[in-house]
Amino acid sequence: MKASPRLTLPAALTAAVLAITTLTPVAALDEAATPRSTTLSEERQGSLVSKVVESDGEIVSTLVDAATGEAVLPDPARAGTQPAAGDPHGGAVMGQWAKSENHFEQLAATSARTAEELSGVTDDDAGTGAAPGATDADTAEEAVAGVASADPLGAAASWAPSGIKGTDVSNWQPSLNWSSLWNQGSRFAYVKTSEGDSIRNNLFQQQYAGAGAVGMYRGGYHFAIPTRDSSGAKQADYFVNNGGGWSADGKTLPGLLDVENNPYPSLYGNQCYGFSQAEMVGWIRDFSNRYKARTGRLPAIYTNYYWWQDCTGNSAAFNDHPMHIASYGTTAPRVPSAWSTYDFWQYTDAGFNERIDANVYRGSATQLRDLVRNRYHKPIGGRAPAGTPTGTPTQVAPAGYVVKGGIGNQYRALGGSSVFGTPTMNERGGLVNGGVHQRFSKNHTFYWSSPTGAWPVNFNGAIGRKFAANRYENGFGYPTGREASGLTGGGAYQIFRSGGTVNKVLWSSATGAQPVRETSGIGGAWKRAGYERGYGYPSTPEVGGLVNGGSYQLFRKGNDVHKVLWSSASGAHAVKENSAIGREWKAAGSERGYGYPTTGEYRYGTEVRQKFSKNFTVHYSTTTKRTWATR
């Protein structure tokens, strides 16, 4: 397999992206050089690591080399090639037949820019010459990365049709800024999940999580490779097994079947894969039936007018499936005759500032919510699915929802619709430990559990987004109060409980939103020191995996960085990383050198001292300014 292109960047990328354990006092204090980054989730795949990173309040999904921390870029030369299983490059995408010649180069450029922004490195910082000792291969790889600073590869689409904006992404976008897309108005994303019956998008989990973390509706799409030895049912199973399923959680779009022109004519024949029209209709029906059997609802269909005409004979068998039409360079797309209009329209491959695929949903926000949650949703231009219960509306207006019980009482007590908006769903149970939730139109959700009662989470803010990125109530637990502000330096917090664990998520403009596990040893030490007034606000979550089973968490107060470390033998104590003692401890190898702190810094005559678990005491003289260690 051809070596994966890398974005050759300095070690700052390792500090910012690969692991939060590599943060140093210099990186923590030099905000201009390296953004503050936290890994929200990650997946190791051989020599590569895909992850979701929160960097200075922005959610980014990225792919890096596990050994070097270098960002991995797509290889535009692989466009139009079918990858082997596990190969991160190549493969087909929605609208492959219509992509502009420079589309895949542009995706490489966008990924390169995003990786540079994530690392805090610019072209000026990196310099223009090859690094000393660089090989020809290094230079070639840097040339791919250099697309990011070259002249623009075609102008971004300046016109957009009316509707709710969205996008679709794939393995061709290993570094992607989801916060940027949200801020530009994208409210949904389809993520490539699989292709045929043996190729999956290795970035699917992190791209899917990144879209969800910023509040987008998200779903998976499957690029169909219909062949006689790979049935529709087989590919539907492969799609669902790799993440393309659906649940009525109010967040998940129905799976999308991408059936379009054959991207590999040398392998599979003509644009219809050598199928007759009747055979193609049968293959799509086989996929749809299996998907419905697995998930409880019909998939959406992505296609283009001419392919559907030529390869299915303009079949009307699927107009109970939402229609996602592909049509570029027009202000009014042609839709197969079985549908009176489209649900989704992919209208360009150069949308948003990133110049990537852009889509719109034709209906209202209420209709989109119904599409997401309602297995009997009626497509805008089609018919209601078979089996829709008699008298059951297929699109429920907000006025049809009620607010009642504990959630209703708290909703009214805290300000009702003027604060939270109107309900967009009825109460829904089935959450962990018997919990219940209800969403409201101003992007607040009330959660109720027996131990905590009913409280809202504000998903417009950083604390709510952090709660979402950590698996909602399955991660932090249920809120025990509403979000509160007025902390020192203008900070805010909200407390969540999961069994006996209490997580306090704090936000400040300098650190973003991070949790403190108040019931852990580290959280206890932070509380004893005076909460955020003592060590400051958390700048990372609690992180384990240190020597002898230890863990740590970083806190920031102005220019001071406190690293609170815990081990079973030493308990929890702080090292002030930017003090003379802290620098000496770090220079000696941190906890691997002098050991874990067993005290904080304390005065002893004209000295400041701190003791460590390997029987070292580090001294600092306030008169001579000298630092030394004794044992």
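Index from 1, following the sequence.
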Do any side-chain atoms of residues 432-439 form donor-acceptor pairs under 3.5 angstrom with protein atoms, and if so which ones, sequence neighbours left out?
unit_1 : atom_1 : unit_2 : atom_2 : d
H437   : ND1    : R428   : O      : 3.3
Q438   : NE2    : V402   : O      : 2.8
Q438   : NE2    : M425   : O      : 2.9

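Here the closest non-hydrogen pair linking N460 and R465 is O-NH1, 3.0 Å. In this structure, C311 and M280 approach most closely via the heavy-atom pair O-CB, 3.2 Å. Taking every heavy atom of both residues into account, P74 and W172 meet most closely at CG-O, 3.3 Å. The shortest heavy-atom contact between L253 and F344 is CD2-CZ, 4.3 Å. Between P336 and Y305, the shortest heavy-atom contact is N-CD1, 3.8 Å. Residues S170 and Q207 come closest through the heavy atom pair O-NE2, 2.8 Å.
A donor atom on one side chain and an acceptor atom on the other are not found under 3.5 Å apart for N177 and E117. No donor-acceptor contact under 3.5 angstrom links the side chains of R200 and T193, judged on distance only. Of the N and O atoms on the side chains of W178 and S61, at least one donor lies less than 3.5 Å from an acceptor on the other residue. For the residue pair S230 and D197, a side-chain donor N or O sits within less than 3.5 Å of a side-chain acceptor on the partner. The closest side-chain donor-acceptor pair between T62 and S175 falls under 3.5 angstrom. In summary, the side chains of S41 and Q206 do present a donor paired with an acceptor at a separation below 3.5 Å, with no hydrogens or angles considered.
Using the six-membered ring where Trp is involved, F318 and H321 have ring planes that are perpendicular, over 60° apart on the 30 and 60° scheme. Between Y291 and F287, the ring-plane angle classifies as parallel under the 30° and 60° cut-offs. Relative orientation of the Y411 and F420 rings is tilted, given thresholds of 30° and 60° on the angle between their planes. By the 30° and 60° cut-offs, the orientation of the rings of F467 relative to Y447 is perpendicular.
Considering only heavy atoms from C-beta on, V52 comes within 4.5 Å of I59 through its side chain. Residues W308 and N314 are in side-chain contact: their nearest non-hydrogen atoms beyond the backbone lie under 4.5 Å apart. With contacts defined as side-chain heavy-atom distances shorter than 4.5 Å, the pair N261/Q96 does not qualify. Side-chain contact between Y217 and L368 is present, with heavy atoms from C-beta onward closer than 4.5 Å. Two residues are said to be in side-chain contact when any heavy atoms from C-beta on lie closer than 4.5 Å; D349 and S100 meet this criterion. Proximity of Y221 to V93: side-chain heavy atoms (C-beta onward) are separated by under 4.5 Å at one or more points. For the pair S50 and Q205, the minimum side-chain heavy-atom distance is 4.5 Å or more. The side-chain heavy atoms of D286 and Q235, taken from C-beta on, include no pair separated by under 4.5 Å.
Residues that satisfy the side chain to side chain contact (heavy atoms under 4.5 Å, CB included) test with P254, not counting sequence neighbours, are Y190, R297, L371. The salt bridge (Lys or Arg N to Asp or Glu O under 4.0 Å) check on R187 picks up nothing, with sequence neighbours excluded.
Put simply, CG on D249 and CZ on R373 are 12.0 Å apart, with the number rounded to the nearest 0.5 Å. Rounding to the nearest 0.5 angstrom, the gap separating the OG1 atom in T341 from the CD1 atom in I325 is 10.0 Å. If you take OH on Y238 and NE2 on H222, they are separated by 9.0 Å, rounding to the nearest 0.5 Å. Distance check, rounded to the nearest 0.5 Å: OH of Y273 to CG of L267 gives 10.5 Å. Between R362 atom CZ and I164 atom CD1 the span is 12.5 Å, to the nearest 0.5 Å. Atom OG1 of T167 sits about 6.5 Å away from atom CD of Q173, to the nearest 0.5 Å.
Under the 3.5 Å distance criterion, the side-chain polar atoms of R375 are matched with a main-chain donor or acceptor of G296. One N or O on the side chain of E195 and one on the backbone of A92 form a donor-acceptor pair closer than 3.5 Å. No side-chain donor-acceptor contact under 3.5 Å links K251 to the backbone of G215. Here the side chain of D320 pairs no donor or acceptor atom with the backbone of G382 at under 3.5 angstrom. Checked by atom type and distance alone, the side chain of D343 never pairs as donor or acceptor with a backbone atom of P379 at under 3.5 Å. At least one donor-acceptor pair closer than 3.5 Å links the side chain of E260 to the backbone N or O of G95. No donor-acceptor distance shorter than 3.5 angstrom exists from the side chain of N374 to the backbone of D370, with no hydrogens or angles considered.
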After noting the C-alpha distance and the side-chain angles of L107 and I356, does the key distance pass the side-chain contact (heavy atoms from CB on, under 4.5 Å) rule?
CA-CA 7 Å; L107 295 185; I356 61 176; 3.8 Å; yes
Report the C-alpha separation of K192 and L203 in whole Å, then their side-chain angles, then the decisive distance to 0.1 Å, and conclude whether the side-chain contact (heavy atoms from CB on, under 4.5 Å) test is met.
CA-CA 9 Å; K192 182 178 179 181; L203 305 181; over 6 Å; no
Quick one, N458 with I463, criterion side-chain contact (heavy atoms from CB on, under 4.5 Å). Give me CA distance, side-chain angles, the key distance, then yes/no.
CA-CA 8 Å; N458 176 12; I463 290 177; over 6 Å; no
Determine, step by step, whether D229 and K234 satisfy the side-chain contact (heavy atoms from CB on, under 4.5 Å) criterion, reporting the C-alpha distance in whole Å, the side-chain angles of both residues, the deciding distance to 0.1 Å, and the verdict.
CA-CA 9 Å; D229 61 355; K234 181 179 182 180; over 6 Å; no
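Contact check on R294 versus D237 returns a salt bridge, with a Lys/Arg side-chain nitrogen under 4.0 Å from an Asp/Glu carboxylate oxygen. Salt bridge absent: R113 and E354 never bring a charged side-chain N and a carboxylate O closer than 4.0 Å.
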